[in-house]
Amino acid sequence: TNKVFIPEVFFTNDCLTGEDVVKSTRVLGDLDGVFQDKEAYGKMNKEQVVYHVSSYLPVLESTPGGLFMGITTLYSGKVGQEYFMTKGHFHSNSDRAEFYWGVEGEGFLILMDERRNVWAERMFPGSLHYIPGKVAHRVANTGYQKLVFSACWPSDAGHDYATIADTGFARRLVDVNGVPTLV
Ligand code: M6P
Ligand code: ZN
């Protein structure tokens with residue numbers, strides 16, 4: 001089905017922009033350096049949409065004690081043998097935790113702790129994932145349809161993309177003879 005969960009929003013935020021819902025899109029060109037296979041990446045259309053995020057922000061960013069909610073739609077695809085995935089991040093306030101839960105489609109949540117241990121949890125409609133503080137997180141779509149997942153995180157968590165940009169994840173999720181495998 002093509003049903004995507006769109007919440008009815010029962011809050012009015014005090015955000016400076018006056019927007020309750022902030023939508024953002026990441027195209028392939030925004031993910032330079034994210035995928036292993038530079039040659040395959042180089043040949044692909046950089047305008048191709050990899051994922052959309054709708055963020056529900058009832059309070060200002062960095063407010064202590066509040067919560068944010070997001071819905072990410074990650075399309076199916078690969079760069080070389082590596083599945084389309086989100087950029088991934090630690091939190092700027094590194095001890096802040098987060099929930100992810102699967103809504104539609106299938107994939108894996110890839111997690112990495114500060115000692116660079118990496119593991120993955122299968123995502124599917126109804127799967128629930130607790131991401132402890134100090135654990136980097138990214139999602140890969142291993143299916144043939146879009147993967148939709150939701151997230152809830154503290155409004156003072158922030159995104160630390162720099163650590164991942166510098167050193168990446170210690171393992172990658174790739175298609176090995178049709179089987180998603182962490183290598
Ligand atoms: C989830 C949340 C958001 C995040 C989004 C995309 O909705 O964790 O905070 O922005 O996924 O992930 P990323 O920021 O790593 O691209
Ligand atoms: Zn997060």
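This structure is a prediction, so every number in the text was calculated from the model and none was measured. Remember, it's 1-based here, ligands and their atoms both numbered in the order they're listed.
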Q. Under the ring pair (Phe, Tyr, Trp, His ring centres under 6.0 Å) test, which residues partner Y130, sequence neighbours left out?
A. F99
**Q.** For R26, the ligand 1 atoms whose distance to one of its heavy atoms is below 4.0 Å
**A.** 14 (O), 16 (O)
Q: Please confirm whether R138 comes under 4.0 Å of ligand 1, counting heavy atoms of the residue only.
A: no
Q. So H91 and H89, would you call those rings parallel, tilted or perpendicular, with 30° and 60° as cut-offs?
A. tilted
**Q.** Ionic contact status for R96 with D156, cut-off 4.0 Å
**A.** yes
**Q.** Sub-4.0 Å atoms of ligand 1 with respect to non-hydrogen atoms of A151
**A.** 1 (C), 2 (C), 7 (O)
**Q.** Lys/Arg N to Asp/Glu carboxylate O, K43 vs E39, below 4.0 Å
**A.** yes
Q: Determine, for K78 against D175, whether the closest basic-nitrogen to carboxylate-oxygen distance falls under 4.0 angstrom.
A: yes
Q) How is the hydrophobic cluster of Y75 composed, in terms of its other members, when Ile, Leu, Val, Met, Phe, Trp and Tyr link through side-chain heavy atoms under 4.5 Å apart, directly or indirectly? A) V27, V49
(Q) Can you confirm, on distance only, whether ligand 1 has an N/O atom lying under 3.5 Å from any N/O atom belonging to Y100? (A) yes
Q: With sequence neighbours excluded, tell me which residues meet ring pair (Phe, Tyr, Trp, His ring centres under 6.0 Å) with H129.
A: none
Q: Between E98 and ligand 1, find which residue part has any heavy-atom pair under 4.0 Å and reply side chain, backbone, both or neither.
A: side chain
Q: Pick one of side chain, backbone, both or neither for how Y161 approaches ligand 1, counting any non-hydrogen atom pair under 4.0 Å.
A: side chain
Q. Can a non-hydrogen atom of Y51 be found less than 4.0 Å from any atom of ligand 1?
A. yes
Q: Give every protein N, O or S atom lying under 2.8 Å from the Zn ion (ligand 2), naming each by residue and atom.
A: H89 NE2, H91 NE2, E98 OE1, H137 NE2
